[in-house]
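Chain letters run A, B, ... following the sequence lines, proteins first, then strands; residues in each count from 1.
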Amino acid sequence: MAFAIFGTMIVLLLLGFPMMIPLIAGSLIGFVALFGGVGQLDTMVQQILGGIRPASLIAVPMFIFAADIMTRGQSASRLIDLVMAFVGHLKGGLAISTAGACTMFGAVSGSTQATVVAVGGPLRPRMLKAGYNDSFVLALIVNASDIAFLIPPSIGMIIYGVVSGTSISELFIAGIGPGLLILLMFSVYSYFYAVRNNVPVEPKATWPERGVAIRRALWPLGFPAIIIGGIYGGIFSPTEAAAACVLYALFLEMVVFREMDMKQLYATAKSTGLITAVVFILVGAGQAFSYVISFAQIPQAILGGVGIDQMGPYGVLLTISIAFFVGCMFVDPIVVILIFVPIFAPVVKDVGLDPVLVGTIITLQVAIGSATPPFGCDIFTAIAVFKRPYLEVVRGTPPFIFMLLTTAALLIVFPQIALFLRDLAFAK
Amino acid sequence: MKLDDPHAPVPDPDVLAAAEAAELDNDIDDSAYVSGLPGILGVIDAAIARIEAVLLALGVLLMAVNTVANVVGRYVLGESIFFSEELNQALIILITFAGISYAARHGRHIRMSAFFDAMPFRMRKLMMVIIAAVTAAAMLMLAWYALDYVLTQAKRGRLLPALQIPQWWIIVWVPLGFLLTGLQYALTAIKNVIDKDIWLSTSTLEGYDDSAEEEV
Amino acid sequence: DTWRYAFEEAMDEVQGKFAQKFKEEVEANSDHEIQLFPFGTLGESADIMEQAQSGILQFVDQSPGFTGALIPEAQVFFVPYLLPADQDQLVKFFRESKTIHELFPPLYADQGLQLLTMFPEGEVMMTTTSAVQAPADLDEVKFRVMTNPLLVSSYQSFGATPTPLPWGEVYGALQTGIIQGQENPAFFIESTKMYEVTDYITRTGHNNFTTAVMANLDFYEGLSDEDKKVVQDAIAAAFDYIIDYQTGLTEESLKKIMEAKPSMTITTLSEEQRRPFIDTAPAVEEEFLKIGGPKAQEILDQMKADLAAVSGD
Ligand code: NA
Ligand code: NA
């Protein structure tokens, strides 16, 4: 049955149905098959609502809203001008800065979707103007935002820690190494991309020019202060920081820069609501589909057949990586962690693997999955926010996925990438 | 920008066009919305469209204010707004379900159109009728079961713990949103049958950016 | 048949242990098979409860605190200092209480549920970033509580600033300092690693986390007498097992925490130190009578009578 469902979903997707339809059809077939008819479709509605209800999702519309206000007004361009004054003369400088901004923002906000919007929204037009190809830009934004999952705080690691009984502090520290390794790879790739495609550079800015850029960016520098200072300083939760950014953005654009009037405020709020709805209905439909997979115990059935308890540590790690990668292509990452971790936990223990390493690899796979076709939520977000066709959004993805998978492979072979900092911090 | 620097390589014109498009103001102008329905039905439809738009904008603004108010309450008054989270839940449901019909109206739902676009005109037209009809059927069915769910919840009498109001109050938008979305897709199917062009929604022609289209 | 049983915790936590024992008993004594669904795999607590009500799930474990949204009387388990702190009295209470065995079942039946049993999960403790000896120490402390009016009211009476926060954000919020405290049983503090981001565990003895196992009413009533007996026997066996399992669980969890974090300070408040906390209880009782539904008074009175009976006063 599982394959019939997956098959139907992919066909509907390719035929050009609105993307909620494959997900709804998948869960509908599941519900009817599981309960012998339409008698329990109430629960499908319940699950759709369950998908959009988590309080932490509120950060997504809030960051969309803040980023939209900043981009329409002056805040975003002043911040980018500041970055350009320092890196504009370097090959690939803007792309590397974008990757860096995604890492930093993602690290703090913890949301890959919010990162796509908040960093990608303002930076994409500038990268396009600077001569980068759109499919490269989109893929860079979507995949660099994955790093959000690896660098603390990370909701994926918290869930893994709770379900598997692993120290969350150790997981947090272990995520930093691989996160930075990915950033490094993306930066190197961006550099060679810029060289090969002959992306033009700007003349090096003089120090007086840089001074002007800094002065112009003083007000907008309040945003990183609110986000980084506010969250790490223990004033805001990420969701609250997002809302605070909205109000600060409104203050700057309406009062300080006087770029925005009430009419534009209304239009911006409406457009945020529209994007939110279009993405969230997919998150909800995805949750209903996850429910079917979970209820029918499909992962247990498939994994029961592969004989994982006969494998050595490398086999187990490889199986885990593949299972999470494939699972996240179709189902919400958090649900995948909740379902898979208990299945794998006994085997992980038996072969003597470090649960922190396993957690890091799983978090990485989950992050990759959220940016991977066909049903990655970061892809939905990018399509909705940037209004680009699906294929355009995923076309530049393969090199990035390759680098991410390379990181996963490196982690399996050289666990110290993750464990070095952990061992240092916890003196193991 | 120093793109006009004579020594710099000339960027790809496609890339430049994309950059222009990325900065285009993509806002939907509600006053330009023309309902696909005739007579009084059209007036009602246009009014619903306007209500959806207002709910979307207000919902988002209220969510920002509510979230920040909670922070202010915690630090300034030493008291959290304990119902803040539930209010945000109510708002996100409202936004999502007002938004899906608004998106259907303006052809903004996400779809993967690569293969679709490659088909010949007649095929595309036929496919669009099927897509709109099937989507309408799915939405109307969900509307029905969502209504059933709301009624069941009302009967069970579940309360929201902090607000102490019945939980079904915040989910009444769900059947309504599915219903209006279903109707939009049904109208789109009909429009594609009777009109010579291919329509993504009753007001949006296929293949055009809808912001440009609505100015026609 | 295949019966499905969902609960609010992970497989190795108390509710999961109970469910596993129940499964083992049922499968040993009948041809039925039981599938277990731990925390989150079929949705949140409210979701699995609704699924049990509509008959998708045959069995569900939900703590009365959460059930309070549906059966307001169930919130009585959030009134502080109502349950005995002494383990033997506590067990006796759960075995013999008229409230649990006579007053609650009809209230659950009204919601389409057969109440099978209630059992304690462990003493609720505060974990905080600074020491707590008296209500004054909770002044200005932003304390995470579940969004339940009685918990909010309890912590307000203790002098803290109750701060509702989604569970997924609690760890991070303690780490960065948005909040300075939260409460849970010891096994849960250990398994969710809350001790990593706090420095003090305080045993105030104000509550014991209670949970309830239910069956879908139509399903249960449709069972043959033989199957009903299988279910009842399995519940009884699982109850004995979980009480046994719990003896020492709290101490063991605290020991694990101390091993993982030797700098942790664990304090058990003396009777005298508890007094000012106990004195705040009547205010919360008032609140319970206001929001506890039509049977609130009756439940509270019976509860006190049951407790008097087991403590031998
Ligand atoms: Na993060
Ligand atoms: Na995915």
Side-chain angles (χ1 to χ4, degrees), chain A residues 13-21 24-25 28 41-42 44-46 49 52-53 55 57-58 61-62 65 124-125 128-134 198 200 202-203 235-236 239-240 243-244 246-247 266-267 269-274 276-278 280-282 284 380 383-384 386-387 389-391, chain B residues 1-3 5 8-9 11-12 15-16 18-19 22-23 26-28 53 55-61 63-65 67-68 70-71 75 85 88-89 92-93 95-100 102-103 108-116 127 131 134-135 138 141-142 145-146 148-149 152 171 174 209:
Chain A
L13 179 75
L14 294 181
L15 283 176
F17 279 82
M19 216 178 287
M20 61 188 167
I21 292 299
I24 287 171
L28 196 63
L41 288 181
D42 278 23
M44 189 172 150
V45 176
Q46 179 209 53
L49 284 172
I52 64 175
R53 193 178 44 201
L57 278 182
I58 300 292
M62 289 298 98
F65 195 21
R124 176 171 162 263
L128 294 175
K129 256 193 209 153
Y132 291 91
N133 207 300
D134 203 14
N198 218 350
E202 293 183 21
I235 302 170
F236 302 132
T239 312
E240 292 166 348
V246 168
L247 291 207
Y266 173 77
K270 190 181 73 181
S271 140
T272 300
L274 180 62
T276 306
V278 165
F280 275 37
I281 192 65
L282 296 176
F380 303 156
I383 296 171
F386 304 132
K387 303 188 185 72
Y390 186 100
L391 276 193
Chain B
M1 272 307 115
K2 301 294 189 297
L3 289 177
D5 182 339
D12 185 341
V15 170
L16 279 184
E23 294 205 330
N26 266 315
D27 288 334
I28 294 170
L55 288 179
L56 276 180
L58 278 185
V60 170
L61 281 169
M63 191 180 269
V65 171
T67 309
V68 173
N70 188 27
V71 179
Y75 288 100
E85 199 182 304
N88 273 348
Q89 245 179 52
I92 199 71
I93 293 171
I95 291 168
T96 303
F97 287 88
I100 55 170
Y102 191 73
R108 290 288 184 99
H109 276 286
I110 300 172
R111 54 194 280 266
M112 193 182 120
S113 58
F115 290 90
F116 182 91
M127 256 332 281
I131 287 173
V134 169
T135 307
M141 193 190 67
L142 282 176
Y145 287 101
D148 196 39
Y149 180 64
T152 308
I171 59 174
V174 180
D209 189 276

Which answer fits A:Ile52, side chain, backbone, both or neither, if we ask what part of it has an atom under 4.5 Å from a heavy atom of chain B? both
Atom of B:Gly99, atom of A:Ala277 and distance for their closest heavy-atom approach: CA-CB, 3.4 Å
Could you state the interatomic distance from CG (A:Leu28) to OH (B:Tyr145), rounded to the nearest 0.5 Å? 9.0 Å
Chain B interface, residue from A:Leu41, A:Ile383, A:Leu57, A:Val278 that has the most non-hydrogen pairs under 4.5 Å: A:Leu41
If one checks every heavy atom of A:Leu282 against chain B at 4.5 Å, the contacting part turns out to be side chain
Does the B:Arg111 side chain pair with the main chain of A:Gly16, one donor and one acceptor, at a distance under 3.5 Å? yes
Bottom line for B:Thr152: the part with an atom under 4.5 Å from chain A's heavy atoms is side chain
Looking at B:Tyr75, I'd like to know if its OH atom is crowded, meaning that more than 12 non-hydrogen atoms belonging to other residues, nucleotides or ligands lie closer than 6.0 Å. yes
Nearest 0.5 Å, what's the CG-OH distance between B:Leu58 and A:Tyr266? 7.5 Å
Looking only at non-hydrogen atoms, find the nearest pair between A:Ile281 and B:Thr96 and report the distance. N-CG2, 4.0 Å
Distance from A:Phe280 atom CZ to B:Ile92 atom CD1, nearest 0.5 Å? 4.5 Å
Contact origin within A:Pro18 toward chain B - heavy atom pairs under 4.5 Å: both
Exercise: identify the closest heavy-atom pair between A:Lys270 and B:Ala53: CD-CB, 3.6 Å
Please look at A:Leu274 and chain B and tell me whether the side chain, the backbone, both or neither of the residue comes under 4.5 angstrom of a heavy atom of that chain. both
For B:Ala64 and A:Val246, the nearest pair of non-hydrogen atoms, with its separation, is CB-CG1, 3.8 Å
Could you look at A:Leu15 and say if it's the side chain, the backbone, both or neither that has a heavy atom under 4.5 Å from chain B? both
Mind checking the CG-OH spacing from A:Asp42 to B:Tyr149? Nearest 0.5 Å is all I need. 8.0 Å
Of all the heavy-atom pairs spanning A:Phe236 and B:Val71, show the shortest one and how long it is. CE2-CG1, 3.6 Å
Looking at every non-hydrogen atom in both residues, tell me the closest pair between B:Val60 and A:Met62 and how far apart they are. O-CE, 3.7 Å
Would you mind checking which part of A:Phe65 comes under 4.5 Å of any heavy atom in chain B, side chain (CB onward), backbone (N, CA, C, O), both or neither? side chain
B:Met112 portion near chain A, given a 4.5 angstrom heavy-atom threshold: both
Rounded to the nearest 0.5 angstrom, the NE2-CZ distance for B:His109 and A:Phe17 is 14.5 Å
Rounded to the nearest 0.5 Å, what's the gap from CD1 on B:Ile100 to OG1 on A:Thr276? Could you check? 13.5 Å
